[in-house]
Chemist: 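Mind looking over this structure? Questions follow.
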Amino acid sequence: MSTETGLPAERLLRLLLAACSLRLLQRRGENRFGLGDLGAASLGNPGIAAMVRHHRHLYSDLADPVSLIKSEGGTNLSSFWPYARGEDGAVDGYSELMAASQVFVAEEILQSFPLRDVDHLWDIAAGDGTFMCAALKRWPHLHGTVMDLPPVAARASERFQREGLTDRARAYGATMFDGPFAWEAAADPDGAASSGLARRSLISLIRVLHDHDDGQVLHLLTRLRQSWPPVTRLMIAEPMAETPGAEPMGHAYFGLYLMAMGSGRPRTIQELGSLLKQAGFTRIREVHTGLPLLMRMLIIEP
């Protein structure tokens, strides 16, 4: 292997042993190594490799932490944030990253909160529809609409076409901070039933709120409360601060990551609950998930 990699044998061995200590590899003999459990999981999930490649931007910002804390923009990681403004050509890289990493959470959400009693799923800031596709394949009775910026919604439409889901899935291009929501645009004088408004609906915000500052989040939640469709629940699912057993993931990781991104912050369950109540929501409950380090979930009832 030393000949194949071009690395000195002693240094290659040190690298392999380091990988073993991280459970990426495991030793299978004096001079034999194979994939460890975490290595196999990483190899089997392309989203992990995508996140590893993406984090070089964060690491470069962390090389000068004082400048990062003082900075109000211009970081390496913030180069991804033009996505939020819908600038031409800015959505591709971030959309692909989110799609790859969304696989991490889609299965966990669908296991933690089954959609058997939901007829229509409205996924806001849904990216290219990765979660929607997983939900529709899991629940054949389900219909869904994704809402995101117009160029991102176009990617979702293409994905629904590729995966043969156009009979049950639609994409709606708009910003979530102004203009009509997808269900408002779908309502028509001939009756709301055809748009899903008269059915048992679920609105989902998956890994959305922590990307935005408090004022934006309160504005979005207030708009949602004011346009609340009948027979509808709201799901909020994202990593949260001060999660027992995963405290570093909140303030240490997401706190610095979102600082470098230039928008948003990790919030506790209590902080999200306070924003929801300010927006007019009162019936709020947490649904426990199997991987709270990755994602916690709130369900808001009508």
Side-chain angles (χ1 to χ4, degrees), residues 40-51 91-92 94-174 176 181-183 185-186 193-208 229 231-239 287-299:
S42 300
L43 187 63
N45 195 326
I48 295 177
M51 290 300 293
V91 302
D92 293 343
Y94 198 79
S95 293
E96 290 166 5
L97 174 67
M98 290 298 101
S101 59
Q102 191 77 311
V103 177
F104 297 161
V105 300
E107 187 66 24
E108 186 66 26
I109 291 174
L110 296 174
Q111 287 182 354
S112 302
F113 191 73
L115 304 184
R116 63 175 61 89
D117 64 343
V118 175
D119 292 321
H120 201 103
L121 174 63
W122 306 89
D123 195 16
I124 299 178
D128 76 342
T130 297
F131 174 68
M132 183 64 73
C133 289
L136 296 181
K137 291 175 181 178
R138 172 75 70 92
W139 303 103
H141 74 282
L142 188 65
H143 288 70
T145 303
V146 300
M147 175 179 172
D148 211 311
L149 300 172
V152 185
R155 293 172 64 98
S157 291
E158 294 170 0
R159 179 165 192 155
F160 296 151
Q161 184 72 39
R162 290 195 307 270
E163 303 205 18
L165 294 170
T166 54
D167 59 329
R168 292 192 290 136
R170 293 176 296 175
Y172 172 70
M176 61 186 177
F181 287 113
W183 52 87
S194 62
S195 69
L197 292 174
R199 309 171 188 168
R200 297 167 297 176
S201 299
L202 178 71
I203 298 170
S204 56
L205 289 165
I206 301 172
R207 300 193 304 171
V208 173
V231 202
T232 299
R233 288 169 289 179
L234 171 65
M235 171 200 292
I236 296 172
E238 63 186 38
V287 172
H288 293 285
T289 65
L291 292 172
L293 176 148
L294 188 66
M295 181 199 67
R296 295 175 74 178
M297 183 188 301
L298 293 176
I299 299 295

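Start at 1 with the first residue, then count along the sequence. It should be emphasised that the depicted structure is a prediction, and the values quoted were computed from it without experimental measurement.
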Chemist: How many angstroms lie between NE2 in H120 and CD1 in I203, if you round to the nearest 0.5 Å?
Modeler: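 Those atoms lie 10.0 Å apart.
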
Chemist: Angle class for the F181/W183 ring planes (parallel below 30°, perpendicular above 60°, tilted otherwise)?
Modeler: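 Ring orientation, 0 to 90° scale: parallel.
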
Chemist: What closest approach, in Å, do R207 and P239 show between heavy atoms, and which atom pair accounts for it?
Modeler: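 It is CG-CD, 4.4 Å.
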
Chemist: Taking the basic N atoms (NZ, or NE/NH1/NH2) and the acidic carboxylate oxygens, is any pair closer than 4.0 Å for R233 and D117?
Modeler: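 Between D117 and R233 there is a salt bridge, with a charged N closer than 4.0 Å to a carboxylate O.
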
Chemist: Going by the side-chain contact (heavy atoms from CB on, under 4.5 Å) test, name the single residue among T145, V146, L165 that passes it with M132.
Modeler: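 Among the candidates, only V146 passes.
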
Chemist: Taking all non-hydrogen atoms of both residues, which atom of A134 and which atom of A106 are closest, and how far apart?
Modeler: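 What the structure gives for the nearest pair is CB-CB, 4.1 Å.
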
Chemist: Tell me, yes or no, whether the heavy-atom count around Q161 atom CD, taken from other residues, nucleotides or ligands under 6.0 Å, exceeds 12.
Modeler: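 Incorrect, the count does not exceed 12.
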
Chemist: Drop me the distance from D167's CG to L136's CG, to the nearest 0.5 angstrom.
Modeler: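 It comes to 9.0 Å.
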
Chemist: Any chance you could measure M235, atom CE, to I206, atom CD1, to the nearest 0.5 Å?
Modeler: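 If we round to the nearest 0.5 Å, M235:CE and I206:CD1 are 6.0 Å apart.
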
Chemist: As an exercise, state the distance from CZ of R168 to NE2 of H143, rounded to the nearest 0.5 Å.
Modeler: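 Interatomic distance, R168 CZ to H143 NE2, rounded to 0.5 Å: 6.5 Å.
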
Chemist: Pair T232, W122 - check side-chain contact (heavy atoms from CB on, under 4.5 Å), show working.
Modeler: CA-CA 10 Å; T232 299; W122 306 89; 5.5 Å; no

Chemist: When rounded to the nearest 0.5 angstrom, what is the spacing between CZ in R138 and CD1 in I109?
Modeler: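 Separation between the atoms: 11.0 Å.
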
Chemist: Would you sort out whether L110 and W139 count as a side-chain contact (heavy atoms from CB on, under 4.5 Å), showing the intermediate values?
Modeler: CA-CA 10 Å; L110 296 174; W139 303 103; 4.3 Å; yes

Chemist: List the atom of M295, the atom of T289, and the distance in Å for their closest heavy-atom pair.
Modeler: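 Scanning both residues, the minimum pair turns out to be O-OG1, 2.7 Å.
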
Chemist: Is there a donor-acceptor pair closer than 3.5 Å between any side-chain N or O of E108 and the backbone N or O of L291?
Modeler: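 Such a contact is found between E108 side chain and L291 backbone.
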
Chemist: Tell me the closest heavy-atom pair linking V118 and S201, and the distance in Å.
Modeler: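 In this case the closest contact between V118 and S201 is CG1-C, 4.3 Å.
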
Chemist: If you look at every heavy atom in S157 and A171, which pair is closest and at what distance?
Modeler: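 Of all heavy-atom pairs spanning S157 and A171, the closest is OG-CB, 3.3 Å.
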
Chemist: To the nearest 0.5 Å, what is the distance between CD on E158 and CG on D128?
Modeler: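 The CG atom of D128 is 10.0 Å from CD of E158, to the nearest 0.5 Å.
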
Chemist: For residues V208 and E238, report the shortest heavy-atom separation together with the two atoms involved.
Modeler: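 Looking at all heavy atoms of both residues, the shortest contact is N-OE1, 3.6 Å.
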
